[in-house]
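Below is one structure; the comments refer to it alone.
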Amino acid sequence: MKKAIILISLICGIFSCDDSKDIERFEEYMNVYIPFTIEKNSILQTIPLVKNSVNFVEIPNLNFANDTLFLLGAYCGGMVAPSEDLKVEFSFITDSLVSLQKKNVPQSVYRQLPEDYYSIENWNVTIPKGHENGYLPVNLKLSQIPAGSKFILPIQISKVSKYDLDLEKSFILLAIHKPDK
């Protein structure tokens, strides 16, 4: 009998909560970041970062015969979806590229991708209310990249209208390696 009373009390307590206060409490722990993914067997999966390095991700399976559109995600993580539109501003983060080059790891041979090989029309992205993702379209001019090139496009989330940035995951070095012919 005691167990039944405790169970009923718990159920009543859960359903009697003020939803707006619960949402505010959950929103305290929300943050915005760039998800690190790689395509493997047609499924996007999280991959490990370069240990003791920076957030380096080589874009897999690129067709260098054609230009392509790459969508770099901004993700709002937490217990609930955002209660309002989130404005996310991206920018370059060249100091991470310099840091990578100083560490003398295999990825340090990469250089910053010249503007001739990509375009980003708008560095601002909106994560719509009730959604978790927004995307920065990056037009990669792959057909123009010379064979044997190793480039990095260093991008960060520099500003978000609400919530905190996950500082460890708010930047990425997108690597493009065009093999020799």
Side-chain angles (χ1 to χ4, degrees), residues 31-51 53-77 81-82 85-101 103 105-128 130-161 163 165-181:
N31 61 25
V32 178
Y33 59 93
I34 297 172
F36 303 107
T37 58
I38 189 167
E39 185 177 351
K40 185 174 184 182
N41 300 327
S42 300
I43 298 172
L44 290 176
Q45 298 179 343
T46 301
I47 62 166
L49 303 179
V50 177
K51 189 171 181 158
S53 186
V54 291
N55 302 343
F56 175 93
V57 176
E58 188 166 335
I59 304 172
N61 305 325
L62 291 174
N63 178 356
F64 288 96
N66 299 314
D67 296 347
T68 191
L69 177 66
F70 180 81
L71 298 176
L72 179 60
Y75 183 80
C76 182
D85 286 354
L86 297 181
K87 304 296 180 196
V88 180
E89 186 177 310
F90 286 87
S91 64
F92 283 113
I93 185 165
T94 54
D95 56 336
S96 289
L97 178 56
V98 170
S99 171
L100 178 67
Q101 291 167 339
K103 290 182 185 226
V105 293
Q107 296 82 7
S108 63
V109 298
Y110 287 76
R111 294 198 173 99
Q112 183 166 327
L113 184 67
E115 287 185 49
D116 295 344
Y117 303 138
Y118 74 93
S119 67
I120 299 172
E121 290 184 27
N122 186 354
W123 289 85
N124 299 308
V125 171
T126 299
I127 299 176
H131 292 82
E132 299 168 333
N133 297 334
Y135 297 96
L136 176 70
V138 180
N139 295 302
L140 298 172
K141 301 172 186 176
L142 300 175
S143 61
Q144 298 176 21
I145 295 176
S149 297
K150 291 184 177 186
F151 290 118
I152 286 179
L153 187 58
I155 297 179
Q156 70 176 345
I157 296 175
S158 52
K159 188 176 180 183
V160 64
S161 61
Y163 311 126
L165 279 177
D166 183 327
L167 297 178
E168 292 180 8
K169 297 179 183 176
S170 63
F171 67 98
I172 190 167
L173 301 178
L174 294 172
I176 299 168
H177 175 208
K178 185 173 184 177
D180 290 324
K181 289 186 180 185

Side chain to side chain contact (heavy atoms under 4.5 Å, CB included) between I34 and K169, intermediate numbers included: CA-CA 6 Å; I34 297 172; K169 297 179 183 176; 5.9 Å; no
Compare all side-chain heavy atoms of [X] with those of [Y] and state whether any distance is below 4.5 angstrom.
{"X": "Y163", "Y": "N31", "answer": "no"}
{"X": "K87", "Y": "T126", "answer": "yes"}
{"X": "L174", "Y": "I152", "answer": "no"}
{"X": "I120", "Y": "P137", "answer": "no"}
{"X": "Y117", "Y": "L153", "answer": "no"}
{"X": "P146", "Y": "K178", "answer": "no"}
{"X": "V125", "Y": "L72", "answer": "no"}

Quick check: closest heavy atoms across [X] and [Y], and the distance to 0.1 Å?
{"X": "S143", "Y": "A65", "value": "CB-O, 3.7 Å"}
{"X": "F90", "Y": "A74", "value": "CZ-CB, 3.8 Å"}
{"X": "D116", "Y": "K141", "value": "O-CD, 3.3 Å"}
{"X": "A81", "Y": "H131", "value": "CB-N, 4.2 Å"}
{"X": "C76", "Y": "L86", "value": "SG-CD1, 3.7 Å"}
{"X": "Y33", "Y": "I157", "value": "C-CD1, 3.8 Å"}

If I take atom [atom1] from residue [X] and atom [atom2] from residue [Y], how far apart are they, to the nearest 0.5 angstrom?
{"X": "L136", "Y": "E121", "atom1": "CG", "atom2": "CD", "answer": "10.5 Å"}
{"X": "I176", "Y": "L62", "atom1": "CD1", "atom2": "CG", "answer": "6.5 Å"}
{"X": "L142", "Y": "S149", "atom1": "CG", "atom2": "OG", "answer": "11.0 Å"}

field: Residue pair S170 / Q156, side-chain donor-acceptor N/O under 3.5 Å
entry: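 No, no side-chain donor-acceptor pair sits under 3.5 Å.
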Notebook entry, point to check: Do Y135 and N133 get their side chains close enough for a donor-acceptor pair, meaning under 3.5 Å?
Noted result: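 Distance-only check passes for Y135 and N133.
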message: Tell me if the aromatic rings of Y110 and F151 count as close, with their centers under 6.0 Å from one another.
response: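 No: the rings miss the under 6.0 Å criterion.
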(request) Please report the C-alpha distance between E58 and H177 in whole Å, then the side-chain angles of each, then the deciding distance to 0.1 Å, and finally whether the side chain to side chain contact (heavy atoms under 4.5 Å, CB included) criterion is met. (result) CA-CA 8 Å; E58 188 166 335; H177 175 208; 3.3 Å; yes
| task | Using ring pair (Phe, Tyr, Trp, His ring centres under 6.0 Å) as the criterion, list what pairs up with Y118, not counting sequence neighbours. | result |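 Y118 satisfies ring pair (Phe, Tyr, Trp, His ring centres under 6.0 Å) with no residue once adjacent residues are dropped.
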Could I get the full list of ring pair (Phe, Tyr, Trp, His ring centres under 6.0 Å) partners for F64, not counting sequence neighbours?
->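 F64: no ring pair (Phe, Tyr, Trp, His ring centres under 6.0 Å) contacts found.
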Only counting residues at least two apart or in another chain, list the ones meeting side chain to side chain donor-acceptor pair (under 3.5 Å) with D166.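 Applying side chain to side chain donor-acceptor pair (under 3.5 Å) to D166 gives none.
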Checklist entry - For I145, which of D67, L113, L140 qualifies under side-chain contact (heavy atoms from CB on, under 4.5 Å)? => result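 By the side-chain contact (heavy atoms from CB on, under 4.5 Å) criterion, I145 pairs with just one of D67, L113, L140: L113.
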